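Convention: sequence-line order gives letters A, B, ...; per-chain numbering from 1. Remember, it's a predicted structure, so these values are computed and weren't measured experimentally.
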Number of protein chains: 2
Amino acid sequence: MIRLSKKVEYGLIAIRHIATKPAGEIVTAKEIADTYGIPYELLSKVLQKLTKSGLIASHQGMRGGYALARPPVEIPVSLIISAIEGTRQAIVQCLSEGPQTCTVFTVCTIKSPLTKVQANIERAFSTMNLSEIV
Amino acid sequence: MIRLSKKVEYGLIAIRHIATKPAGEIVTAKEIADTYGIPYELLSKVLQKLTKSGLIASHQGMRGGYALARPPVEIPVSLIISAIEGTRQAIVQCLSEGPQTCTVFTVCTIKSPLTKVQANIERAFSTMNLSEIV
DNA sequence: TTAATATACGACCGATGTAGTCCACTTTCA
DNA sequence: TGAAAGTGGACTACATCGGTCGTATATTAA
C-alpha cells in the first residue's frame, strides 16, 4: 500500500542501535552492518545522511564512528525518515510538489480529503520519537 | 516520505467521480479520462481492477460503462487502494512478506514499533470511506 | 612519521516498479 | 451489422532502489 525504503529501514535499525549504547559511546558503521547483516557501503551512506541532518555526530579517523547528536526524546521518527528520503514528503504528488508537476492539479478532486489522511500519517511519525523504539 | 501511486490517485478521482452521479447512472472511462486529463488506457486498467475487486460494476458493450457496486459508505479508501496496488500492504517489507524476503528479519529491531505506526496508517485509510471524499 | 582504521563521497550497475502506449479481442446495443 | 464500450496482454521509456566499487580524507596508535 505504502512503503518505507530499505534505506529508511536500515537507518531506523542503525540509529536505534546507537541509541541503545551508553550516551556518548561511539559505534562504527562496520559494527552495525555486521550485527544486522546490512551492506556496509549502503549503511554508510545512510549514516552520512543522518549526520548531515544533525541527528547523529560522526567522528572520523581511527577509533571513529557515530554517536547520537541529541537525546533520543528529541529525535522524532519523522525526522529520521525525511533525513534519509529528502523528497517524497506527501502521499500524493500534488501535496508536496504542486501544480508544476502534477498533471491533474487543477481538476483534482481528492486533494483536500487526502490532506487529512496526510496529516494523520505525519502525526503518526512525528509523535513517535527514538526513545520509544529503543 | 511515503507515496501513493498515480494509479491509486486516478482510481480515487475516478471512483469519486462515479459517486457524484445519481445512484445507478453509468459513467464511461472516456468521460472520466477527458474530464480530468487522465490517460484513457491507464485509467481503463485501474477501473478494471476496481471492477474485479467488486467496488464498481462494469457494463460492457455500447452504452456501457461503470457504476458503483455498493453505496459509498461501504467503500473504505483502504479497499480502493489495495484493489489497485494488490501488493505492498505494509510500510516495511517484513510486516507484509516476512522472513522469506526480508534479509534482516531475525535481527530486525524495529518491527514491533513500526507495527504501531502501521496500524495507525491503516486506520487512517480504513476509517475514511468514499462518502467522505465526495 | 607511518600504517591502520575510520568516515566522505561520487560513479556506476542491475533489478524492479511506474506511467504510459499500442493493439487485438469481446460484448452490447441501436 | 457496425459503432461504442470494456477486457486484457505486450511493450517501452524512465525513474528509483538496492547495492557495489574505488578513491579521498581524517584521525590516532605505534
Side-chain angles (χ1 to χ4, degrees), chain A residues 1-11 13-14 18 25-34 36-53 56-67 69 81 84-88 91-93 97 101-104, chain B residues 1-11 13-14 18 25-34 36-53 56-67 69 81 84-89 91-94 97 101-104:
Chain A
M1 176 190 289
I2 226 171
R3 164 97 22 122
L4 293 175
S5 68
K6 271 286 180 197
K7 286 186 191 175
V8 168
E9 201 170 328
Y10 294 156
I13 292 176
I18 299 173
E25 186 171 322
I26 287 179
V27 186
T28 67
K30 185 170 186 312
E31 172 185 328
I32 300 176
D34 288 348
Y36 303 100
I38 299 174
Y40 169 75
E41 292 90 348
L42 188 52
L43 178 63
S44 292
K45 294 218 164 58
V46 170
L47 291 170
Q48 283 162 30
K49 289 196 171 180
L50 293 176
T51 303
K52 283 207 166 173
S53 22
I56 59 179
S58 72
H59 300 267
Q60 286 201 2
M62 201 175 179
R63 314 213 51 159
Y66 300 91
I81 297 177
I84 298 171
E85 295 198 339
T87 53
R88 286 182 53 199
I91 55 170
V92 281
Q93 211 179 27
E97 291 156 39
T101 51
C102 181
T103 51
V104 296
Chain B
M1 176 190 291
I2 226 171
R3 163 100 18 126
L4 293 175
S5 67
K6 272 287 181 194
K7 286 186 192 177
V8 169
E9 202 170 327
Y10 294 157
I13 292 176
I18 300 174
E25 186 171 322
I26 286 178
V27 186
T28 67
K30 185 168 187 312
E31 171 184 329
I32 302 176
D34 288 349
Y36 302 100
I38 300 172
Y40 168 76
E41 293 89 349
L42 188 53
L43 178 63
S44 292
K45 296 222 161 53
V46 170
L47 291 170
Q48 284 164 30
K49 288 195 173 182
L50 293 176
T51 303
K52 284 206 167 175
S53 20
I56 58 179
S58 73
H59 299 267
Q60 285 202 1
M62 203 174 178
R63 315 214 50 157
Y66 299 92
I81 297 176
I84 298 170
E85 294 198 339
T87 52
R88 287 182 52 202
Q89 270 92 10
I91 54 170
V92 282
Q93 211 178 29
C94 45
E97 292 157 41
T101 52
C102 181
T103 51
V104 296

(request) Take atom CD of B:Q48 and atom C1' of C:dC25, then tell me their distance rounded to the nearest Å. (result) 12 Å
Run the side-chain donor-acceptor check on residues 37-50 of chain B: report pairs under 3.5 Å with partners two or more places apart or on a different chain.
residue : atom : partner : partner atom : Å
B:S44   : OG   : B:Y40   : O            : 3.0

(request) Return the value, rounded to whole Å, for the distance between atom CD1 of A:I26 and atom C1' of D:dT27. (result) 11 Å
(request) Tell me whether the OP1 or OP2 atom of D:dT16 has a side-chain N or O from A:S5 closer than 4.0 Å. (result) no
(request) Could you tell me the separation between the CD1 atom of B:I18 and the CD1 atom of B:I13, rounded to the nearest 0.5 Å? (result) 12.5 Å
(message) Need one value for B:Y10: base, sugar-phosphate or nothing, where a base atom within 4.0 Å counts as base even if backbone is also close, heavy atoms only.
(response) sugar-phosphate
(message) I need the A:H59 NE2 to A:T51 OG1 distance, nearest 0.5 Å.
(response) 9.5 Å
(request) May I have the distance from B:L47 (atom CG) to D:dA5 (atom C1'), rounded to whole angstrom? (result) 12 Å
(request) Would you indicate which nucleotide in C:dT21, D:dG19, C:dA8 comes nearest to any side-chain atom of A:Y66? (result) C:dA8
(request) Using heavy atoms to find the nearest nucleotide of DNA chain C for A:S44 and A:M62 separately, return the residue whose nucleotide is more 5′. (result) A:M62
(request) Return the value, rounded to whole Å, for the distance between atom CG of A:L50 and atom P of C:dT7. (result) 13 Å
(message) Side chains of A:I26 and A:R63, heavy atoms from C-beta outward: is any pair under 4.5 Å?
(response) no
(request) Please determine, for the side chain of B:P39, which listed nucleotide (C:dT21, D:dG19, D:dC21) has the closest atom? (result) C:dT21
(request) Could you tell me whether the phosphate oxygens of C:dA8, OP1 or OP2, come under 4.0 Å of any side-chain nitrogen or oxygen in A:S58? (result) yes
(message) Show the nearest heavy-atom pair for residues B:S5 and B:E85, with the distance to one decimal.
(response) OG-OE2, 2.8 Å
(request) With heavy atoms under 4.0 Å as the rule, sort A:K30 into base, sugar-phosphate or nothing. (result) nothing
(message) So, OP1 or OP2 of C:dT5: does either fall under 4.0 Å of a side-chain N or O from A:Y40?
(response) no
(request) Mind calculating the distance between NZ (A:K49) and P (C:dT7) to the nearest angstrom? (result) 18 Å
(message) Without decimals, in angstroms, what is the distance between B:K6 NZ and C:dT21 P?
(response) 13 Å
(request) Would you classify B:K7 as touching base, sugar-phosphate or nothing, given that sugar-phosphate means primed atoms plus P, OP1 and OP2, and contacts are heavy atoms under 4.0 Å? (result) sugar-phosphate
(request) Give the rounded distance in Å between these two atoms: CD of B:E41 and P of D:dG9. (result) 16 Å
(request) Calculate the interatomic distance between A:R63 atom CZ and D:dA29 atom P; express it in whole Å. (result) 6 Å
(request) Estimate the overall bend of the helix from C:dT1-D:dA30 to C:dA30-D:dT1 from the end axes over five pairs each, rounded to 10 degrees. (result) 10°
(request) Work out which heavy atom in A:V104 is nearest to a heavy atom in B:Y36; give both atom names and the distance. (result) CG1-O, 3.0 Å
(request) Among the candidates C:dT26, C:dC9, D:dG18, find the nucleotide nearest to the side-chain atoms of B:Q60. (result) C:dT26
(message) Between the base of D:dG9 and the side chain of B:K45, is one N or O donor paired with an acceptor at under 3.5 angstrom?
(response) yes
(message) Once you apply a heavy-atom cut-off of 4.0 Å, does A:K52 come out as touching a base, just sugar-phosphate, or nothing?
(response) sugar-phosphate
(message) So, taking the atom named CD1 in A:I84 and the one named CG in A:L4, what distance separates them when rounded to the nearest 0.5 Å?
(response) 9.5 Å
